[in-house]
J.: 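Take this structure, written in structure tokens, and hold onto it; I'll ask about it next.
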Amino acid sequence: MSPTVLLFQQDAYLRSCTATVIESGESGVVLDCTVFYPLGGGQAGDTGWLVTARGTRLRVADARKSRRPDATPDDTVHVLEPGVNWPSELAVGDHVQAQIDWDRRLRHMRFHTATHLLCAVVRELVDGCSITADYARLDFAMTAPLDRAEVQAGLERLVAAAIPVTSEWISDEQLQSNPQLVKSMSVSPPLGFGRVRLLRIGDVDLQPCGGTHVRRTDEIGAVRVAKIEKKSARTRRVVLELAD
Ligand SMILES: [Zn+2]
């Protein structure tokens with residue numbers, strides 16, 4: 001089985017795509033390509049709908065990476081909403097329209113891009129990350145206190161600078177010979193598949209990341225440092241909110 005083509009890696013602004021069912025069962029549906037981001041790297045999985053050829057709209061409650069032993073990190077399961085009898089609705093080979101809940105995803109993209117800027121402002125290793133539609137939080141491995149006003153001002157400056165956000169691919173070997181690219185202690189890039197995706201924000205931030213981002217930092221809009229707390233003796237937690 002060839003892996004699911006993750007269309008959002010090339011264009012995070014795609015809201016829907018036409019796809020073919022390659023697996024359908026109680027755990028959900030796997031498609032040959034998808035716009036759904038599967039939970040990973042701290043970012044929540046997308047929700048949305050699969051629209052059948054007959055026009056039936058099936059609710060997708062979550063998207064997860066496949067747990068099959070032969071699955072690649074790209075294989076995405078569109079998780080059924082409880083009560084929907086998916087196997088009877090969708091058979092292998094059927095064509096569907098996959099549509100994400102765009103309002104929710106755009107908030108993930110704004111928050112996710114903001115967390116990269118936060119890495120550039122704080123410049124410490126990350127030891128935990130969660131990106132949802134309501135908030136983003138990053139845990140930094142550090143003992144020094146963080147000043148909320150300074151962090152807020154640093155973020156605002158980088159958002160206003162309208163810096164392009166782009167992605168590129170490097171080989172496993174290139175990443176292994178540049179270990180300083182990895183800024184997260186809690187999430188490891190998927191090695192063993194030949195290539196790793198890097199996310200670049202101008203000359204401000206560069207690190208392995210498979211998530212979804214806005215195309216320019218000003219599209220993050222109004223972001224607010226809601227809270228900075230001492231999570232443990234060696235960890236400072238920063239919580240972001242969108243102000244609109
Ligand atoms: Zn990212």
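The structure presented is a predicted model; accordingly, all values stated were derived computationally and were not measured. Basis for what follows: all heavy atoms, side chains included, without hydrogens, waters or symmetry-related copies. Atoms within each ligand, like the ligands themselves, are counted from 1 in listed order.
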J.: Provide the full list of ring-ring contact (aromatic ring centres under 6.0 Å, His included) pairs with a residue in residues 144-200, sequence neighbours left out, each pair given once.
T.: none
J.: Can you list everything that forms a salt bridge (charged side-chain N to carboxylate O under 4.0 Å, His left out) with Lys231? Sequence neighbours excluded, please.
T.: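 Scan of Lys231 (salt bridge (charged side-chain N to carboxylate O under 4.0 Å, His left out), adjacent residues dropped) gives Asp139.
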J.: Tally every protein N/O/S atom whose distance to the Zn ion (ligand 1) is less than 2.8 Å; waters are neither shown nor counted.
T.: 4
J.: If I compare all heavy atoms of Pro208 with all of Leu175, which pair ends up nearest, and what's the gap?
T.: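 Result for this residue pair: CG-CD1, 3.9 Å.
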J.: State the CD-OG1 distance between Glu124 and Thr235, to the nearest 0.5 angstrom.
T.: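 With rounding to 0.5 Å, CD (Glu124) is 11.5 Å from OG1 (Thr235).
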J.: Determine the interplanar angle of the Tyr13 and Trp102 rings, folded into 0 to 90°, and report it as parallel if under 30°, tilted if 30 to 60°, perpendicular if over 60°.
T.: tilted
J.: Using the test salt bridge (charged side-chain N to carboxylate O under 4.0 Å, His left out), find all partners of Glu168 that sit at least two apart in sequence or belong to another chain.
T.: Arg200
